[in-house]
Amino acid sequence: MISIRAKNQIDVWIAKYPKDRQSSAVMQALKIVQAENKNILSASIIQEVADYLDMPDIVVQEVATFYENYNYKKVGKYVIRFCHNISCMLNGADDLIKHLENKLGVKTGEVTLDGLISVKKVECLGACVGAPMFQINEKYFENLTIDKIDKIVDNLK
Ligand code: FES
């Protein structure tokens with residue numbers, strides 16, 4: 001169930017758009033309700049968001065499944081979204097992702113045993129000038145190297 005607090009936060013986003021365009025707030029609404037539900041979305045939560053924004057639930061589901069920042073299964077406290085699109089791939093992302101998987105003992109899409117870190121491969125995050133890069137929760141890390149990754153991950157623990 002969407003809390004009053006979450007509805008108030010969603011209303012702030014709805015107010016940013018013209019009247020009867022509340023559907024434009026769907027991405028922020030999903031982000032808000034996901035944060036309130038242990039960082040996971042479900043069919044019932046998506047239905048509630050659709051009802052609240054007066055949208056067909058299939059449209060909300062399409063948004064929620066298109067973007068990598070929405071989760072349908074348990075993720076870690078820290079979610080590493082590693083870009084493997086063209087600029088990052090050409091600058092060594094594939095090898096760095098393998099290094100990260102080995103360091104954490106997980107494959108992409110999995111969560112470390114302690115529940116702290118999960119890794120996802122994602123498409124371009126719009127920071128190609130800093131390739132190779134990844135995002136941890138809301139923060140970007142660019143021009144990654146093996147040493148840099150080791151330091152960043154060690155600081156998460
Ligand atoms: S290709 Fe990786 S940020 Fe654009």
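Everything quoted here is computed from the prediction, not taken from an experiment. Remember, it's 1-based here, ligands and their atoms both numbered in the order they're listed.
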Q: Return the minimal non-hydrogen interatomic distance between Gly76 and Ser118, and the atom names on each side.
A: N-OG, 3.0 Å
**Q.** Smallest separation among heavy atoms of Cys83 and Ala93, with atom names
**A.** O-CB, 3.5 Å
Q: Determine, for Glu48 against Lys7, whether the closest basic-nitrogen to carboxylate-oxygen distance falls under 4.0 angstrom.
A: no
(Q) Test your reading of the model: is there a side-chain donor-acceptor pair from Thr112 to the backbone of Leu104, 3.5 Å cut-off? (A) no
**Q.** Contact summary for Ile46 and Asp57, nearest pair of heavy atoms
**A.** CG2-O, 4.0 Å
Q: Would you check ligand 1 and list the protein residues that come within less than 4.0 Å of it by any heavy atom, ordered by chain and number?
A: Cys83, Asn85, Ser87, Cys88, Cys124, Leu125, Gly126, Ala127, Cys128, Met133
Q | Lys103 atom NZ, over 12 foreign heavy atoms within 6.0 Å | A | yes
